[in-house]
Engineer: 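Would you mind keeping the following structure in view while I ask a few things?
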Amino acid sequence: MMRKFPFLLAALALPALALPVMSEAAAPGREAAHVVEAGETLNGIANRAGVSPEALAKANGLKPPYVVKLGQTLTIPRAKAAPTKATPAKARANEADPAAPAKRAAAAANSTAKAAIAAAKSPEQGNAPEEESVHVVQPGETLGSIALAAKVPRILIAEANGLQPPYAVRLGQKLQIPRTRRHTVKAGDSGFSISYKYAVPWEQIALANGLDAAAPVKPGQSLLIPTLLDPPAVPIAAPTPAPTPSATSKPARFAWPVNGPIRRGFQTGTNHHDGIDITAAEGTMVRAAAAGTVRFAGMEKEQFGNLVVLDHGDGWFTAYAFLSRVTVKEGARVAAGERVGLVGHTGLAKGNELHFEVRQDGKPVDPLGDLPKVR
């Protein structure tokens, strides 16, 4: 239940981000030997090293199904064999082989796929994985293997590209790689001077480092400077609700803030419930249902836990509660679809879920009447 919006500024204390430590191995495109890391496959290693999977398997005595093991050291065959022409006898043997047409078709398809991936590459994409700002997904790659090669935490790539659990990537998909920098605080530095130097809002730098934005910086602090990317233009599909949606045909005023089934719907009367509770995995991004101004961003201890309230003008407000983290600051302007927090189970949540409310002139209304209908 939500009887009123609290509009008092709450102090926001965020835990430091736990980022995995990346190894400082040589770039896969130049290394002579490679130690297999978590999530890697033979195909992925071969593609990043610039050699064929067949050559890599042969150089290391691997047999079908060509499984590689964590920690295994693979020799990268750099010497290229001179091309040889098929002898007439070999040519006749190929013609006599019933499987030859299928093999030629498979080779042609593979060549076409490689050409399509090459054409999809952005001119901004660097040669070495640790230098790329845009990466085109290659055969056999996963988000984990891409993150390891790029030396960027997997969760940062997922958030930069609007990926949702289980974070699957598609062959040929373009991924933005959010590069980060570090700054060591010197005497005389302030949040403003650091923000001005890197052209990144101090609130975002403080958030990335788990700091109170109002607290002074200390000489010797090592700060992560995040790379800000435009929010990905990913359409937000409507979840399948438990209650029957309203039969009205008016255009939707708001977008769904998160995908997932509705555990509890809007209710009036004695057992009233002023919004809807949408279940989703912990850490799932919660997006603004429409453009607006942040009126509250912080902890509400009685019911809602971590809470964000947006003012959309003309008396319309939306609220996002039970969050594990708040990722916006009071007074900030947010765009429709911009991340405002992460799904959690703070407050009176019954599990990992988002409590979402819509209010007009201070009165709660059923959100389903102003959200896109489920088809």
Engineer: How far does CG of L348 sit from CD of E300, to the nearest 0.5 angstrom?
Structural biologist: 8.5 Å
Engineer: In the hydrophobic clustering (ILVMFWY, side-chain contacts below 4.5 Å, transitive), which residues join M285, or is it alone?
Structural biologist: L342
Engineer: Which atoms form the tightest heavy-atom contact between F254 and A290, and what is the distance?
Structural biologist: CD2-CB, 3.6 Å
Engineer: Give a yes or no on whether a salt bridge exists between E353 and R264, defined as a side-chain N under 4.0 angstrom from a carboxylate O.
Structural biologist: no
Engineer: Going by the rule side chain to side chain contact (heavy atoms under 4.5 Å, CB included), which residues pair with V35 if we only count those two or more places apart in sequence or in a different chain?
Structural biologist: T73
Engineer: Please check if the side chain of N47 supplies one atom and the backbone of Q138 the other of a donor-acceptor pair under 3.5 Å.
Structural biologist: no
Engineer: For the side chain of K301 and the backbone of G347, is there at least one donor-acceptor N/O pair under 3.5 Å apart?
Structural biologist: no
Engineer: For K186, does the NZ atom have more than 12 heavy-atom neighbours from other residues, nucleotides or ligands under 6.0 Å away?
Structural biologist: yes
Engineer: State, without any angle test, whether T279 and R263 hold a side-chain donor-acceptor pair at a distance under 3.5 Å.
Structural biologist: no
Engineer: Atom CG of L223 and atom NE2 of H183: how far apart are they, to the nearest 0.5 Å?
Structural biologist: 6.5 Å
Engineer: Distance-only, no hydrogens or angles: does the N306 side chain make a donor-acceptor pair with backbone N or O of F322 under 3.5 Å?
Structural biologist: no
Engineer: Using side chain to side chain contact (heavy atoms under 4.5 Å, CB included) as the criterion, list what pairs up with T41, not counting sequence neighbours.
Structural biologist: N43
Engineer: Using 0.5 Å steps for rounding, measure from the CD atom of Q360 to the CH2 atom of W316.
Structural biologist: 4.0 Å
Engineer: Work out which heavy atom in V308 is nearest to a heavy atom in V340; give both atom names and the distance.
Structural biologist: CG2-O, 3.7 Å
Engineer: Who pairs with H345 by ring pair (Phe, Tyr, Trp, His ring centres under 6.0 Å), at least two apart in sequence or on another chain?
Structural biologist: none
Engineer: Should R48 and E40 count as an ion pair when the cut-off is N to O under 4.0 Å?
Structural biologist: yes
Engineer: Distance from D274 atom CG to K363 atom NZ, nearest 0.5 Å?
Structural biologist: 13.0 Å
Engineer: Has the side chain of D311 got a donor or acceptor atom that lies under 3.5 Å from a matching backbone atom of R295?
Structural biologist: no
Engineer: Ignoring hydrogens and geometry, is there a side-chain-to-backbone donor-acceptor pair from S324 to V343 under 3.5 Å?
Structural biologist: yes
Engineer: Ignoring hydrogens, what is the shortest heavy-atom contact between L42 and P53? Give both atom names and the distance.
Structural biologist: CD2-O, 3.9 Å
Engineer: Is it true that a side-chain atom of S222 and a backbone atom of T184 form a donor plus acceptor pair closer than 3.5 Å?
Structural biologist: no
Engineer: The criterion is side chain to side chain donor-acceptor pair (under 3.5 Å); which residues satisfy it with S195, sequence neighbours excluded?
Structural biologist: none
Engineer: Could you work out, with salt bridge (Lys or Arg N to Asp or Glu O under 4.0 Å) as the rule, every residue matching D189, not counting sequence neighbours?
Structural biologist: none
Engineer: How far does CD1 of I146 sit from OH of Y167, to the nearest 0.5 angstrom?
Structural biologist: 14.5 Å
Engineer: Quick one: does W202's side chain have a donor or acceptor within less than 3.5 Å of a partner on I194's backbone?
Structural biologist: no
Engineer: Do Q173 and H135 get their side chains close enough for a donor-acceptor pair, meaning under 3.5 Å?
Structural biologist: no
Engineer: Can you find a heavy atom in the side chain of F356 that is under 4.5 Å from one in the side chain of Y320?
Structural biologist: yes
Engineer: Mind checking the CD1-CD1 spacing from I262 to I278? Nearest 0.5 Å is all I need.
Structural biologist: 5.5 Å
